[in-house]
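Numbers here simply count residues along the sequence, with the first being 1.
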Amino acid sequence: MHNAADTPVRPSFHVVGVGASAGGLEAFTQLLQRLPPDTGLAFVLIQHLDRTHPSLLTEALAKTTTMSVRQVEHGMRPEPNHVYVIAPNTDIAMHDGELAVSARPSEGLGSHLPVDFFLRSLAAEVGSRAIGVILSGSASDGTDGLRAIREADGITFAQDPRSARFASMPQSAIDAGVVDYTLDLASLADELVRLSRHPYVQPHEPEA
C-alpha cells in the first residue's frame, strides 16, 4: 500500500515559467510592473546569465514588484505570489514539488538551454498547471519547452517579436507553432491576470 507521506506534494496552483536572454531584464521588469501582487500564481524567471559574473537580477527585480523576489536555492518549494530567479552558473528544474538546482554543464557540451530545461521539467511536474512565457532573447531557447507545456495541456505565451528588443527567441516559438498567445508585454500581463481569475486556474485541494 502506498504511503501518502511518501507522495510528493505538487503545487495546487499554476506555476509560470518565464524565459529570456538578451534584453531580459527590461522585459522581466516591464512584465512584473504590470502584474498585481495577488494573482495566486508563482513565477520562475530563467535568464541566460554570464557564467562568471555575479547577477544583480534579483535585486533589480525586487524594486519592480511588491511580490517577494528570491534567488532560487535548492529545495525551495514555490509559493503563490512569489517570484523566483535563476542563480548564475546553474540550471533549475521542478522536481517533486520543489525547485532543484544543479550546476550548469561545462563548456563544450553543446548549447546551454536553461529555459528549455526548466520548462520541460515544469510540464512533466505540473502538467496542465504549467504556463510558459518566452520574452526577448537571441536564438531559440524556450521553443522545445513551450512545446512540452502545450503537449501537457498547459498554456503558452510569447512576447510579440515587434515589441521585443531581441526577437529571435519569441519568433522561434511562434514559427514552431507552440504559442497560444502572442502579445506585447502589457497585454501579456493583463492576460495572465485574466487567466489567474478564471475558475480553471484557481487553486484547489488535491483529490483524495
Inset, instruction - Measure the spacing between CG of L195 and OG1 of T39 and express it to the nearest 0.5 Å. - result: 10.5 Å

Inset, instruction - Mind checking side-chain hydrogen bond (donor to acceptor under 3.5 Å, both in side chains) for D91 and listing every partner two or more places apart, or none if nothing turns up? - result: H112

Legend entry - T156: which of I134, L119, T182, L146 passes side-chain contact (heavy atoms from CB on, under 4.5 Å): L146

Inset, instruction - Compare every heavy atom of V193 with every heavy atom of P36, then report the nearest pair and how far apart it is. - result: CD-CG2, 3.4 Å

Inset, instruction - Of all the heavy-atom pairs spanning P114 and I86, show the shortest one and how long it is. - result: CB-CD1, 4.4 Å

Legend entry - Any donor-acceptor N/O pair, Q71 side chain to A87 backbone, under 3.5 Å: no

Legend entry - Full working for side chain to side chain contact (heavy atoms under 4.5 Å, CB included) between F157 and V179: CA-CA 6 Å; F157 291 84; V179 176; 5.6 Å; no

Inset, instruction - Can you see which heavy atom on S136 is nearest to which on F166, and at what distance? - result: OG-N, 3.0 Å

Legend entry - Short N-O contact, R77 and D96, less than 4.0 angstrom: no

Legend entry - Reported CG-to-CG distance for the pair N81 and D38, which is rounded to 0.5 angstrom: 6.5 Å

Inset, instruction - I would like to know whether F13 and R129 meet side chain to side chain contact (heavy atoms under 4.5 Å, CB included); could you show each step before the answer? - result: CA-CA 7 Å; F13 48 87; R129 295 196 191 111; 6.0 Å; no

Inset, instruction - Dump the intermediate steps for side chain to side chain contact (heavy atoms under 4.5 Å, CB included) on L32 and V83, then the final yes or no. - result: CA-CA 9 Å; L32 290 178; V83 178; 4.0 Å; yes

Legend entry - Close side-chain approach of S21 and D141, heavy atoms under 4.5 Å: no

Inset, instruction - Check for a donor-acceptor pair, side chain of H82 on one end and backbone N or O of P80 on the other, with a separation under 3.5 Å. - result: yes

Legend entry - Polar side-chain atom of Q47 near backbone of G19 as donor-acceptor pair, under 3.5 Å: no

Legend entry - Heavy-atom side-chain contact between V44 and V15 under 4.5 Å: yes

Legend entry - Path from F117 to L113 over hydrophobic side-chain contacts below 4.5 Å: no

Inset, instruction - State whether the side chain of D180 and the backbone N or O of I155 hold a donor-acceptor pair below 3.5 Å, judged by distance alone. - result: no

Inset, instruction - For the pair D144 (side chain) and D116 (backbone), establish whether a donor and an acceptor sit closer than 3.5 Å, ignoring hydrogens and angles. - result: no

Legend entry - Separation between CD1 of I131 and CD of E191, rounded to the nearest 0.5 Å: 10.0 Å

Legend entry - Non-hydrogen atoms of R147 and A176 that approach each other most closely: NH2-CB, 3.6 Å

Inset, instruction - Quick one: list whatever passes side-chain hydrogen bond (donor to acceptor under 3.5 Å, both in side chains) with D160, sequence neighbours left out. - result: R162

Legend entry - Interatomic spacing from CD in E26 to CG in L31 - rounded to 0.5 Å: 12.5 Å

Legend entry - Under 3.5 Å: donor-acceptor pair, side chain of T58, backbone of R70: no

Legend entry - Rounded distance (nearest 0.5 Å) linking atom CG of L41 with atom CE of M67: 8.5 Å

Inset, instruction - Report yes if some heavy atom in the side chain of F28 is under 4.5 Å from a heavy atom in the side chain of L135; otherwise report no. - result: yes

Inset, instruction - Spell out, as yes or no, whether a donor-acceptor pair under 3.5 Å connects the side chain of H74 to the backbone of V101. - result: yes

Inset, instruction - Compute whether any side-chain donor of one residue and acceptor of the other, for S172 and D175, lie under 3.5 angstrom apart. - result: no

Legend entry - Non-hydrogen side-chain atoms of V85 and V72 separated by less than 4.5 Å: no

Inset, instruction - Please answer whether the main-chain N or O of Q159 pairs with a side-chain N or O of D184 as donor and acceptor at a distance below 3.5 Å. - result: no

Legend entry - Inter-residue atom distance L99.CG - M94.CE, 0.5 Å rounding: 6.0 Å

Inset, instruction - Might you point out which heavy atoms bring A60 and L25 nearest each other, and give the distance in Å? - result: CB-CD1, 4.0 Å

Legend entry - Listed partners of E79 passing salt bridge (Lys or Arg N to Asp or Glu O under 4.0 Å), at least two apart: none

Inset, instruction - Kindly indicate, with the supporting measurements, whether the criterion side chain to side chain contact (heavy atoms under 4.5 Å, CB included) is fulfilled by T65 and L35. - result: CA-CA 8 Å; T65 177; L35 291 169; over 6 Å; no

Legend entry - Between T29 and T64, a side-chain donor and acceptor under 3.5 Å: no

Legend entry - Smallest separation among heavy atoms of L185 and S163, with atom names: N-OG, 4.4 Å

Inset, instruction - Check for a donor-acceptor pair, side chain of R150 on one end and backbone N or O of G177 on the other, with a separation under 3.5 Å. - result: yes

